[in-house]
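Here is the naming used below: chain letters follow the sequence lines, and residue numbers restart at 1 for every chain.
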Amino acid sequence: MRATTQEAYQLFHDGALALARAEYNGIKVDLPYCKETDKHLQNREEAMQSLLKESELYQLWGKMMPPTEINLDSTKQLGKVLFEVMEIPPPIITDKGNYSVSEEALSIVAPEVPGVQHILDIRGIQKARSTYFGGILKEQFDGVLHPFFHLNKVKTYRSSSSRINFQNLPKRDPFMMNMIRKAFSARPGHRLVEVDFGGIEVKVSACCHKDPNMLKYIRDPSTDMHRDVSQDAFFLSLEDMTPDNEDQEKDIGNIRYVGKNGFTFAQFYGDYFGNCARIMWNYIDSMNLVTKQGVGLYDHLAKHGVHNLEDFKDHLRGVEDIFWNVRFKKYSAWKKKTFKKYLDTGYVDLLTGFRCGGIPLEKNQVLNTPIQGPAFHCLLWSLIETDKELRRNNMKSLILGQIHDAIVLDVLDSEFDNVLDLLLNIMCKRLRKYWKWIIVPMEVTVEASPVDGNWSELKKLKLN
DNA sequence: TGTTCATGG
DNA sequence: TATCCATGAACA
């Protein structure tokens, strides 16, 4: 470890102890449900394989090689059948120059090739069985799972998790989310609770470069960075924007979502306009984006002289220029300065007292490290303090784990209000007293299950 | 062991 | 200019 200050050393020392207690606590799993569901999935997997074997795709597969050598899970064989035997133009090529058979690639050919959808369905089932239910059943002990949390594996001084990885359980796909998270139960009389920092990486980034425009976006709730960028990217007035969604995390399908994830976040991680343009252009189609007045977005762009992807790239070149050289000029200057310092010294220092370097880093890594690491350290400090307070007050509520910007707890119902007050106080107030470099407000969202509920049943709480 | 695919922040 | 950080399974 390369902590340059006592404080940084202490954070990881105390963090290791607090996370060890979370590992010791563990999360209760519903064993009968896991075994039953896994069995059900096994039947379904076999049924899907039978269906696949009735397809023409499988016939052609059989002509390509002796039956004993057929492996329906082989990505290499699948690529050969689709893109050589059937002569379909490969939609995506991998980094090493092979045919890609990722979900993205296969869903493009699936409408024309019966059987391909079965492969995707089978993959989903296999992922659920091997990684999730298989992992849970292998690692649980007496119905309690004890996932590990590491502080020594990630080059940005974030954490990681294993056996099982508590930090990548399905969430975005509603079916997978429900099926897998239903396996995790609250203890009797308890509720599962998840407390997230909102936009912590953007906030830490603003604390690094102190860009006045970004600080305003963060401090003034009437402004919205993603809305403004979306308006630039798609020639939209405020009235053209799809209605603001109350729950911004669930704004999938909105123009704002495309601006946020296709452009702004991609730019923060170091992407460039050409790639952003391709991704956003595809989103317009796959999400059927329309303006508030119901005009298709391709039609709307055509009115502004943007008729194809090449036109859109040209337009986005200008949007990118405004983004970095007008809107976030000071952020831009910080990037230049920080990278130059890395080239001069060979390391980059984090606000929390860690030093990264000693090995060659790419430019994007140098500029991401001071943001990703300290963002997690805000969470870790909060977790340590929460752990201290829960134990000092002899409370029955337990910390179960952590997901980069979120703490997961198993909270006794009678302690619920107290635990929430405690978390809010630590994460939004005490944290800012401890680290003076945090010059923006901290916000959290809280989700909780019913008493005796499970992790698929979290509901967002209204905080006052 | 390296590559590709899936999952998350 | 050329998207950051991970874990795990399966195949080659």
Side-chain angles (χ1 to χ4, degrees), chain A residues 69 71-80 92-106 119-120 122-136 138-139 147-173 176-177 180-181 194 196-202 204-205 249 261-279 313 316-317 320-321 323-324 332 335-336 339 356 361-373 375-376 379 401-406:
Chain A
E69 284 176 32
N71 181 354
L72 296 176
D73 298 329
S74 163
T75 50
K76 199 172 180 183
Q77 291 181 18
L78 176 60
K80 210 172 164 196
I92 301 173
I93 297 295
T94 67
D95 288 347
K96 303 287 169 191
N98 304 313
Y99 307 123
S100 171
V101 289
S102 64
E103 166 163 31
E104 196 191 351
L106 290 190
I119 299 222
L120 288 172
I122 291 167
R123 263 192 212 165
I125 295 169
Q126 285 174 339
K127 176 82 176 166
R129 293 194 64 207
S130 57
T131 301
Y132 300 117
F133 288 117
I136 292 166
K138 188 164 71 190
E139 298 294 338
F148 294 134
F149 296 95
H150 318 285
L151 293 175
N152 61 339
K153 301 283 185 200
V154 182
K155 43 189 169 184
T156 59
Y157 295 96
R158 240 200 192 181
S159 70
S160 72
S161 168
S162 65
R163 298 177 63 181
I164 66 172
N165 183 347
F166 194 65
Q167 299 176 321
N168 71 349
L169 296 167
K171 183 166 195 175
R172 296 167 192 171
D173 178 71
M176 284 282 273
M177 186 284 270
I180 304 301
R181 295 194 179 220
E194 195 170 329
D196 297 55
F197 274 123
I200 187 80
E201 286 208 1
V202 173
V204 169
S205 151
E249 298 309 309
N261 295 292
F263 189 82
T264 304
F265 281 167
Q267 289 283 331
F268 286 163
Y269 289 137
D271 206 352
Y272 88 114
F273 66 89
N275 208 24
C276 293
R278 274 199 308 108
I279 287 164
K313 272 188 195 172
L316 228 53
R317 185 200 308 270
E320 186 189 86
D321 183 58
F323 188 88
W324 286 115
S332 215
K335 292 207 298 184
K336 214 171 190 172
F339 188 54
C356 293
L361 298 173
E362 296 291 336
K363 186 175 184 181
N364 287 341
Q365 295 179 294
V366 173
L367 300 178
N368 176 250
T369 297
I371 298 167
Q372 192 182 87
F376 166 67
L379 190 282
Q402 150 274 130
I403 312 171
H404 307 301
D405 65 352

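- For the pair A:Phe148 CZ and C:dA6 C1', the computed distance is 17 Å after rounding to whole Å.
- Residue A:Phe265 is classed as having no contact, given no heavy-atom separation below 4.0 Å to the nucleic acid.
- Proximity note for A:Lys127 (side chain, C-beta onward) versus B:dG9, B:dA6, C:dT3: the nearest is B:dA6.
- Of the possible donor and acceptor atoms, none in the side chain of A:Glu201 sits under 3.5 Å from a partner among the backbone N and O of A:Ala375.
- Note on A:Gln167: every side-chain N or O is 4.0 Å or more away from OP1 and OP2 of C:dT7.
- For A:Arg163, the listed nucleotide lying nearest its side chain is C:dG8; candidates were B:dT7, C:dG8, C:dC11.
- One N or O on the side chain of A:Glu320 and one on the backbone of A:Phe273 form a donor-acceptor pair closer than 3.5 Å.
- In plain terms, the two heavy atoms of A:Phe376 and A:Ser159 that are nearest each other are CZ-CB, 3.4 Å.
- When heavy atoms are screened at a 4.0 angstrom cut-off, A:Thr369 is found touching no nucleic acid atom at all.
- Counting any heavy atom pair closer than 4.0 Å across all strands shown, A:Leu169 reaches sugar-phosphate atoms only and no base atom.
- Taking the side chain as every heavy atom from C-beta outward, A:Ile136 and A:Ile164 approach each other to under 4.5 Å.
- Heavy-atom nearest nucleotides on DNA chain C were determined for A:Ser162 and for A:Thr156, and the one closer to the 5' end corresponds to A:Thr156.
- For the atom pair NZ (A:Lys155) and CG (A:Asn368), the distance works out to 10.5 Å, reported to the nearest 0.5 Å.
- When the nucleotides C:dA10, B:dC5, C:dT3 are ranked by their closest atom to the side chain of A:Ser130, C:dA10 comes out on top.
- Of the two residues contacting DNA chain C, namely A:Asn368 and A:Arg317, the nearest-nucleotide position lying further toward the 5' end is that of A:Arg317.
- Between A:Thr75 and B:dC5 there is no side-chain polar atom (N or O) within less than 4.0 angstrom of OP1 or OP2.
- Phosphate proximity of C:dA6 to A:Ser161: absent, as no side-chain N or O sits under 4.0 Å from OP1 or OP2.
- Note on A:Arg172: every side-chain N or O is 4.0 Å or more away from OP1 and OP2 of B:dT7.
- Nucleic acid contact for A:Asn165: sugar-phosphate only, since backbone atoms but no base atoms lie under 4.0 Å from a heavy atom of the residue.
- At the phosphate of C:dA6, neither OP1 nor OP2 sits under 4.0 Å from any side-chain N or O atom of A:Asn168.
- When the nucleotides B:dG8, B:dT7, C:dT3 are ranked by their closest atom to the side chain of A:Ile279, C:dT3 comes out on top.
- Nearest nucleotide to the side chain of A:Asn71, out of B:dC5, C:dT1, C:dC11: C:dC11.
- One finds no side-chain N or O of A:Lys96 lying less than 4.0 angstrom from the OP1 or OP2 phosphate oxygen of B:dT4.
- The side chain of A:Tyr272 sits closest to C:dA2 out of C:dA2, C:dC11, B:dG9.
- Both thresholds, 5.5 Å between centres and 30° between ring planes, are not jointly met by A:Tyr269 relative to the base of C:dT3, so the two rings are not stacked.
- Between A:Ser160 and C:dC5 there is no side-chain N or O to OP1 or OP2 distance below 4.0 Å.
- Between B:dT3, B:dC5, C:dC4, one nucleotide has an atom nearer to the side chain of A:Val101 than all others, and that is B:dC5.
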